[in-house]
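Let me begin by presenting the structure, written as structure tokens, before commenting on it.
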Protein chains: 4
Amino acid sequence: MSQKKQQIIWTAAKLIHAKGYESTKLSDILAACGIGKGQFYHYFTSKRELGLAIVDHYAQMWQDELIEGILKSGRSPERKMEEMLQWAIQFHETPEKLHGCPFGNLALEMSEHDEDFRVKINRIFSDWIEELTQVIEALQGEKQARQKARMVVAQIEGAILLMKNNQDSEVLLDIIDGIRQEYISS
Amino acid sequence: MSQKKQQIIWTAAKLIHAKGYESTKLSDILAACGIGKGQFYHYFTSKRELGLAIVDHYAQMWQDELIEGILKSGRSPERKMEEMLQWAIQFHETPEKLHGCPFGNLALEMSEHDEDFRVKINRIFSDWIEELTQVIEALQGEKQARQKARMVVAQIEGAILLMKNNQDSEVLLDIIDGIRQEYISS
Amino acid sequence: MSQKKQQIIWTAAKLIHAKGYESTKLSDILAACGIGKGQFYHYFTSKRELGLAIVDHYAQMWQDELIEGILKSGRSPERKMEEMLQWAIQFHETPEKLHGCPFGNLALEMSEHDEDFRVKINRIFSDWIEELTQVIEALQGEKQARQKARMVVAQIEGAILLMKNNQDSEVLLDIIDGIRQEYISS
Amino acid sequence: MSQKKQQIIWTAAKLIHAKGYESTKLSDILAACGIGKGQFYHYFTSKRELGLAIVDHYAQMWQDELIEGILKSGRSPERKMEEMLQWAIQFHETPEKLHGCPFGNLALEMSEHDEDFRVKINRIFSDWIEELTQVIEALQGEKQARQKARMVVAQIEGAILLMKNNQDSEVLLDIIDGIRQEYISS
DNA sequence: TATGAATGAGTGTTCATTCAT
DNA sequence: CATGAATGAACACTCATTCAT
């Protein structure tokens, strides 16, 4: 993939993360990238195609950083859990404004009226729950490990939603702390 | 408030719950209500004002059904918890399509670029957490009751998000079941 | 149908007759009508819908003037033939530029890639040939009357094409004269 | 002329015959030819120049096949007439879809707003009528031979228009049959 | 009160043409 | 000779809002 196309994806990903897919107008993307309409449509056939490419871009990032880099690493389950929580904090605390989870945002905005988006996003959550189930099994045994994994993922996504709505990262930190107590410290 | 205005709010609330605020066009609302533009602008000065009225409408519903009707009722904390979980299930399982939580949806769509929406929505979540803290204190003591309340609310909202993205209510039921075990059955 | 809608159809019909469907841009129509985009889309859902309305408009005109007014009138077959030829001349000679037959033009431009246009236009030609067959039967007997009707219609349409391409109405007058000799004068 | 340039003309001619000049996009032509933009603009300065080259290409084909090969051949006038009619049938019956006469199509699409196209196309029709006049003189004497030639050409072009609009070659065959009876069989 | 005609800035998209390599 | 990235004006269409009646 050409460098320019990558740059468009990255730049647009940031905008869409911050403002949402529909609210981010093509003209915003064009202005942010410093390109013209023609150049955009040289690389993408539509705004929707760019949107799907952005989901893929984030999916790859999660696969590399979270799934492969943490949950499937050779480290101890306690460390995996801890690093996952750290990763969640660092990912969502950084930006000036608290934009929320890129997948969570798109999940709510797109998944009901665009099946391609839904499937791509769903795959991320499924993989995450799947790998987390393994970690929780190692920590607390097989019993209800899958349910627990779902609960943790739901808790993190819900915490990010509350944080975004509260515009204060303290909520996220507090809930993450609660999860840590349940699976690591105790 | 006139009956007609109420009917517009209810009808529009359903549409916006299903399709989102931006995606629901004024013409959709007009058609669903069977009214003309003039009548709409007689009752509301803008689409945004309607949106805020819808948030108030849902807020009132939550206040009545969840806060007053359940969490502040005279029943035992166990029953309060159980009824809250039942209420969450019934609220999100019913619609043909799984549209998600009206507040969660609007929280993600609106709260970052419209402060009025954010504040109204945030108030709901705050009240919910506040009252749930009381219930959890009664169940498990004061220690970290507020953190636990946040975690439960986050879990429910996150569960609804996962459910919506999975288009299958099983996820929600499973996670609710996990919460029940933690606070009631055990 | 509202007066404004009629006016848009008439004005656009003239433009499209002169320049063709695709070459006539919406902005041309808007400028010629002195209206804005919003007003246009208040009356029509698309440019294509306007195009079909224009075909209907011309079809009605032909039905009234040619089919009912001439071919199905109570006059003698010779007079019917003569009036039809006069009508063809007057219809195509008048405009400053020789724009050709509105149906012939649209037939060639649209009929291959838009079935709705094709069917509407085809109906006109079919009706014309049908009624002309009756007239020719009255003039020269049943034998091959239908074939002769087809030939006359083809001749007129072909003559208009040659005239348009030659930008000189003499070709049309000459060919019409030939038809007259064959069916009336002799 | 280079072989590549010829190939572009032939390929584009087929596309434009089928879809029309405006509707055939440069990208369609490029894709069909398997070449890039640079190569196209090396051979042609614009799409319009290609269009004019295509008219020349068809004109040459008609000159060779119809004018020289049939109407100016040494054969009898009856055979010339018969071969001309056969040629018309074979030319328009073959393609899967009935695209109509390449000149007739372009005549209606282009001749009114592009003088260069009009003149080129008009020359073809003029030459055709001129040579056919000679043939008809040989068949039926000088009287009104030119008018008759015009009528036959108009009839053929009109028949092709009706055929295209009816999407059925039977109309063309029927009309050609009528011409045959008038000039050969009788 | 209520209608629906009218507005106009803005949307995503197209496409012949240019130009650096 | 040839590529394909880049341009930018134009296109059909949308929609919240206004306004004459």
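Throughout, protein chains are lettered first and strands after them, A, B, ... in sequence-line order, and every chain is numbered starting at 1. Note that the structure is predicted; figures quoted are calculated from it, not measured.
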Nearest whole Å is fine: how far is [N] [atom2] from [X] [atom1]?
| X | N | atom1 | atom2 | answer |
| --- | --- | --- | --- | --- |
| Tyr43(C) | dC13(F) | OH | P | 18 Å |
| His42(B) | dG4(E) | NE2 | P | 17 Å |
| Glu49(C) | dA12(F) | CD | P | 15 Å |

Taking [X] for the side chain and [Y] for the main chain, is one N or O donor matched with an acceptor at less than 3.5 Å?
| X | Y | value |
| --- | --- | --- |
| Tyr21(D) | Asn105(D) | no |
| Glu109(D) | Glu22(D) | yes |
| Lys37(C) | Leu26(C) | no |
| His17(D) | Gly100(D) | yes |
| Lys164(D) | Leu108(C) | yes |

Legend entry - Heavy-atom side-chain proximity of Phe125(A) to Leu161(B) below 4.5 angstrom: yes
Legend entry - Side-chain touch Gln7(A)/Gln3(A), heavy atoms, less than 4.5 angstrom: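 Heavy-atom side-chain distance check fails, nothing below 4.5 Å.
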Legend entry - Results of ring-ring contact (aromatic ring centres under 6.0 Å, His included) for Tyr43(C) - residues two or more places apart only: none
Inset, instruction - Using heavy atoms to find the nearest nucleotide of DNA chain F for Ile35(A) and Ser2(D) separately, return the residue whose nucleotide is more 5′. - result: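 Residue closer to the 5' terminus by nearest nucleotide: Ser2(D).
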Inset, instruction - Hunt down any stem DNA chain E takes part in, defined as 3 or more consecutive Watson-Crick or G-U pairs whose two distances are each under 3.5 Å. - result: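 When the pairs of DNA chain E are grouped into runs of at least three, the stems are E:2-21 with F:2-21.
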Inset, instruction - Give one of base, sugar-phosphate or nothing for Phe44(C), where a contact means two heavy atoms less than 4.0 Å apart. - result: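 Since no nucleic acid heavy atom lies under 4.0 Å of Phe44(C), the category is nothing.
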Inset, instruction - Spell out protein contact along nucleotides 13-21 of chain E as letters: B when the base is contacted, S when just the sugar-phosphate is, - when no protein heavy atom is under 4.0 Å; keep the 5' to 3' order. - result: BBBBBB---
Legend entry - Distance between P atoms of dT21(F) and dT1(E) (Å, rounded): 23 Å
